[in-house]
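Some notes on the structure that comes next.
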Amino acid sequence: MTGTPRTLAEELRTRTDRGLVGLLRARPDLLNPVPGDVTQLATRAGTRASVVRAVERLDRFVLQTAEALAVAPDPCPYDTLGGLMGGDAGDPAVAAELPRAVAELRAQALVWGPDDRLRLVRTARELLTPSPAHPSPTGLGPTVAEAMAGMSPGRLQEIIGAAGLPATHDPVTAVAALTSLFADRKRMAALLDTAPAESVAVLDKLLWGPPYGAVTDRPSPHLQWLLDRGLLIPAGARNVVLPREAALHLRGGRAHHTPEPLPPALSPATERDPQLVDNAAASQAFTALATVEELLKEWDLGGPAVLRAGGMSVRDLKRTATALDTTEQLAAFWLELAYAAGLIASDGEADERFAATPAAEEWLQLPDHARWAELAAGWLAATRAPGTVGTADAKGRALAALGPHLDRSPAPEVRRRALALLAALPPGTAVPASAVLARLRWERPLRGGAPAAGRPPAGDSAPSAPDPADDLRSRLAQWTLTEAELLGVTGRGALATHGRTLIDSPSDSSAPTPAEATTAAARAAALLAPLLPEPVDHVLLQADLTAVAPGPLRRPLAEALGVLADIESKGGATVYRFTPGSVRRALDAGRSAAELQEFLAAHSRTPVPQPLAYLIDDVARKHGQLRIGAAAAYVRCDDDALLAEILADRRATALRLRRLAPTVLAAQTSPDQLLDGLRAMGYAPAAESAAGDVLIARADSYRTPPRTAPAPVPDGPPSPDATLLSAAVRAIRAGDLAATAERKPVQAPAPAPGALPRTTSAETLATVQAAVLTNSALWIGYVNADGAASQRVIAPVRVEGGFVTAYDHTSDEVRTYPLHRITGVAELADDSV
């Protein structure tokens with residue numbers, strides 16, 4: 001195509017395949033479904049939903065450039081745009097970055113046309129042009145022509161006369177004369193030199209926006225001076241507005257108070273020893289594994305009930321926080337982390353509750369570094385935001401941990417980008433969170449809500465920045481930095497070596513494929529493995545009924561000791577305490593006193609203290625004397641004196657016991673309640689089966705049915721791969737060829753643009769047969785079995801049995817078409833294909 005393109009579609013036709021691939025990659029929503037031709041692509045690129053999504057992904061300077069184009073003449077020469085961005089004095093940084101901004105807008109099909117006629121697509125102009133309902137961040141108001149629309153001709157002549165301009169014959173030339181005055185720097189300066197000081201002060205207040213102000217029915221003289229000369233124009237009964245041309249003169253030609261061509265620097269930077277950072281991150285990674293293990297252990301026999309609306313109750317969250325020895329907000333993070341990794345879920349039963357999944361058993365058997373990799377990969381891809389727990393939803397209801405409505409689709413992209421900013425720094429370098437948030441706000445200023453336009457404070461300072469906690473993207477970034485430290489991806493504020501590998505992806509997209517993410521997590525785990533502490537196989541028993549683990553215990557030892565003793569304190573060394581209840585728990589699990597003594601002697605570097613041996617023997621001697629089974633419940637004991645003692649104890653009143661035989665008591669409570677009641681009284685009863693055997697209570701007795709990890713909620717359409725992009729461009733080119741190829745004239749009336757050709761069945765057959773003999777291409781109209789009509793360019797190869805076999809230029813393949821579904825044919829000009 002030659003000459004200046006007249007539409008966006010014409011410009012898109014001039015783009016190379018690489019240019020179309022870049023557009024489709026930047027705006028993947030244009031691919032669903034694949035446009036039939038370039039005209040459809042241009043039409044879809046101009047729809048409001050697609051333009052809004054594209055504008056939301058612009059960085060601040062590119063967005064400022066688009067905002068400047070929205071207040072510029074249409075079309076806008078490049079030099080005029082440069083003046084709006086850099087002002088009359090110019091700005092070297094703006095001039096250096098403006099070509100990049102324009103190229104970015106062109107690449108995303110938001111701007112088209114040559115440099116001397118830049119055009120912002122209509123929908124983008126409607127979105128970004130200032131209006132009373134939707135002010136622009138530029139702070140500019142309407143043009144003189146827009147503000148004076150509907151003003152009486154007599155009043156227009158009064159205004160241009162007061163401004164020192166000659167009278168005109170019609171309102172159009174009057175508005176044009178005033179606009180020319182305001183845009184002329186010398187004449188405008190001369191006019192303002194005659195203004196009262198109070199009038200200039202009023203203009204200064206409206207200069208950087210909002211451009212609207214209120215007046216009384218009888219304005220003061222300095223306001224009337226501005227109204228008489230059109231420097232303020234009525235915008236309602238008691239409102240006035242500063243016209244755009246006048247504001248630009250007062251601003252020195254700048255559309256924005258502070259153009260931001262360069263992103264904020266990541267500073268101040270603090271350099272640390274990379275090895276210390278890696279060690280700190282590894283220590284926290286190990287703590288994260290221990291915390292998740294403790295959570296799974298806490299829910300071994302079943303977790304809390306699921307609320308009717310989904311999620312955990314506030315009371316259960318507090319109990320979980322107490323069990324994990326942390327705050328409720330951090331407890332919500334650990335819960336959501338385990339949920340994202342598929343380790344906990346609801347059981348789906350009628351009396352629904354949360355519990356560990358079968359995958360948790362497999363996870364617990366993995367090496368530490370592999371377990372960390374699963375947690376990190378699940379966290380990085382999850383769209384659930386634990387930081388929202390406790391906040392209110394749109395209806396004012398509090399959001400519950402593990403409940404619905406916690407998904408925030410931008411979360412994975414924000415996490416990766418925040419960590420990528422840390423990865424761009426030298427190893428071991430940390431920066432304040434505020435610096436990371438400022439950079440993210442520059443890169444995506446609209447994703448969490450655009451900053452409001454407003455007048456800058458007194459002096460020459462820029463408008464104050466919005467509170468970074470006001471938008472979702474900033475909150476997600478803050479949570480990311482906190483959670484990365486908790487998970488051991490960062491250490492002491494800097495990205496660890498294994499953290500850099502975790503976010504490394506070979507693909508061009510910010511969202512890697514699941515296979516790429518799994519590979520990156522495995523490589524990160526391999527780097528983390530040497531930094532994790534080696535498990536030990538011994539403890540140090542002490543005379544005060546405690547055991548000290550000098551490091552992380554090997555899993556069988558940790559599991560067995562966790563049943564026999566209670567954890568008293570954690571840290572570099574874990575302290576376990578032996579109590580009658582913990583020893584009874586081990587006996588309930590099927591261990592005998594001799595086995596417990598042998599276990600401790602085998603795994604202790606110190607002799608078994610005598611008080612501990614006495615404690616085990618004493619609890620074992622009492623254990624199982626009482627036997628509890630189901631009647632509703634009963635107590636059986638060979639020692640009838642012990643049963644008499646229980647009956648006489650006032651604490652047993654609530655159990656409602658009565659003697660059935662010298663060695664049997666019946667209760668009107670369930671076996672579980674009876675067990676708990678007698679244990680609270682200081683006894684050591686054991687549950688028994690219907691056959692009279694002691695029931696062994698194991699900690700891993702309850703698991704949910706198989707569950708999969710929650711699927712992330714996508715943030716828009718997925719990023720297309722190279723194969724899809726290449727195929728889409730071929731299809732668009734072929735469809736465009738079918739829609740725009742030149743046709744030979746036919747006897748029948750030519751179809752309207754975009755309509756299918758129409759010929760009789762005989763004409764269709766004769767034309768197709770002739771094309772086979774001459775090896776020429778045809779333009780056909782075709783209706784498929786679903787009734788969808790399309791137009792195609794084909795080169796017929798064979799006609800037989802009511803079918804035509806042809807090479808289809810539209811789909812780039814050989815296909816067979818039933819002749820009865822072809823609406824008509826037309827020959828193409830010789831140079832069309």
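Index from 1, following the sequence.
Heavy atoms of other residues, nucleotides or ligands lying less than 6.0 angstrom from CZ of R48 number 12 at most.
Between E158 and R155 there is a salt bridge, since a side-chain N of the basic residue sits under 4.0 Å from a carboxylate O of the acidic one. Ion pairing between E413 and R473 holds under the 4.0 Å rule for side-chain N and carboxylate O. A salt bridge links R106 with D115; the closest basic N to acidic carboxylate O contact falls under 4.0 Å. Using a cut-off of 4.0 Å between Lys/Arg side-chain N and Asp/Glu carboxylate O, R100 and E104 are scored as not salt-bridged.
A distance of 11.5 Å separates OG in S50 from CG in N32, rounded to the nearest 0.5 Å. L207 contributes atom CG, which lies 9.0 Å from atom CG of L140 (distance to the nearest 0.5 angstrom). Atom CG of residue L24 and atom OG of residue S719 lie 12.5 Å apart, to the nearest 0.5 angstrom. With rounding to the nearest 0.5 Å, the separation of CD1 in I160 from CG in L165 is 6.0 Å. Residue D184 holds its CG atom at 12.5 Å from OG1 of T179, rounded to the nearest 0.5 Å. Separating the CZ atom in R475 from the CZ atom in R408 is a distance of 8.0 Å, to the nearest 0.5 Å.
Using a 4.5 Å cut-off on side-chain heavy atoms (C-beta onward), E56 and R444 make no contact. Annotation: side chain of P130 is in contact with side chain of R244 (closest heavy-atom distance under 4.5 Å). D217 has its side chain within reach of R238: a pair of non-hydrogen atoms, C-beta onward, lies under 4.5 Å apart. Side-chain atoms of L231 and M188, non-hydrogen and from C-beta on, do get closer than 4.5 Å to each other. No side-chain heavy atom of R15 sits less than 4.5 Å from a side-chain heavy atom of V729. For the pair P263 and D59, the minimum side-chain heavy-atom distance is 4.5 Å or more. Looking at heavy atoms from C-beta onward, Q108 lies in side-chain contact with R27 at the 4.5 angstrom threshold. Contact annotation: the side chain of I159 approaches that of M151 to within less than 4.5 Å [non-hydrogen atoms, C-beta and beyond].
Nearest heavy-atom pair, P73 versus T80, reported as atom, atom and distance to 0.1 Å: CD-CG2, 4.4 Å. For the residue pair L41 and I732, the shortest heavy atom distance occurs at CD2-CD1, 4.3 Å. When every heavy atom of L266 is checked against every heavy atom of A435, the shortest pair comes out as CD2-O, 3.7 Å. When all heavy atoms of H256 and W208 are compared, the closest pair comes out as C-CZ3, 3.5 Å. In this structure, L248 and R185 approach most closely via the heavy-atom pair O-NH2, 4.1 Å. Summarising the geometry of P219 relative to L227, their closest heavy-atom pair is CG-CD1, 3.9 Å, with the distance given to 0.1 Å.
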Next item on the list: Start with the C-alpha gap between L250 and L192, add the side-chain angles, then the distance that decides, and say whether side-chain contact (heavy atoms from CB on, under 4.5 Å) holds.
Entry: CA-CA 10 Å; L250 295 169; L192 291 175; 3.5 Å; yes

Item checked: Check against side-chain contact (heavy atoms from CB on, under 4.5 Å), L58 and L110 -> CA-CA 11 Å; L58 300 177; L110 296 173; 4.1 Å; yes

Item checked: Test side-chain contact (heavy atoms from CB on, under 4.5 Å) applied to L232 and V202, step by step -> CA-CA 10 Å; L232 289 182; V202 170; 4.2 Å; yes

Next item on the list: Test side chain to side chain donor-acceptor pair (under 3.5 Å) on R254 and T138 and set out the steps.
Entry: CA-CA 9 Å; R254 285 185 297 168; T138 61; over 6 Å; no

Note to self: With side-chain contact (heavy atoms from CB on, under 4.5 Å) as the criterion, how do L476 and R415 come out once you've worked through the C-alpha distance, each side chain's angles and the decisive distance to 0.1 Å?
What the structure shows: CA-CA 8 Å; L476 289 171; R415 287 194 192 104; 5.9 Å; no

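Formation of a donor-acceptor pair under 3.5 Å by the R125 side chain with backbone atoms of T129 is not found in this model. Judged by distance alone, with hydrogens and angles left aside, the side-chain atoms of R229 form a donor-acceptor pair with the main-chain N or O of W225 at under 3.5 Å. Put simply, the side chain of E245 never gets that close to the backbone of A183: no donor and acceptor are under 3.5 Å apart. The closest donor-acceptor contact from the side chain of W442 to the backbone of E260 lies under 3.5 Å. The closest donor-acceptor contact from the side chain of T383 to the backbone of V713 lies under 3.5 Å. A donor-acceptor pair under 3.5 Å is formed between the side chain of T47 and the backbone N or O of R44.
A donor and an acceptor atom, one from each side chain of S180 and R187, are located under 3.5 Å apart. At a cut-off of 3.5 Å, with distance as the only test, a side-chain donor of Q157 or T168 sits close to an acceptor on the other residue.
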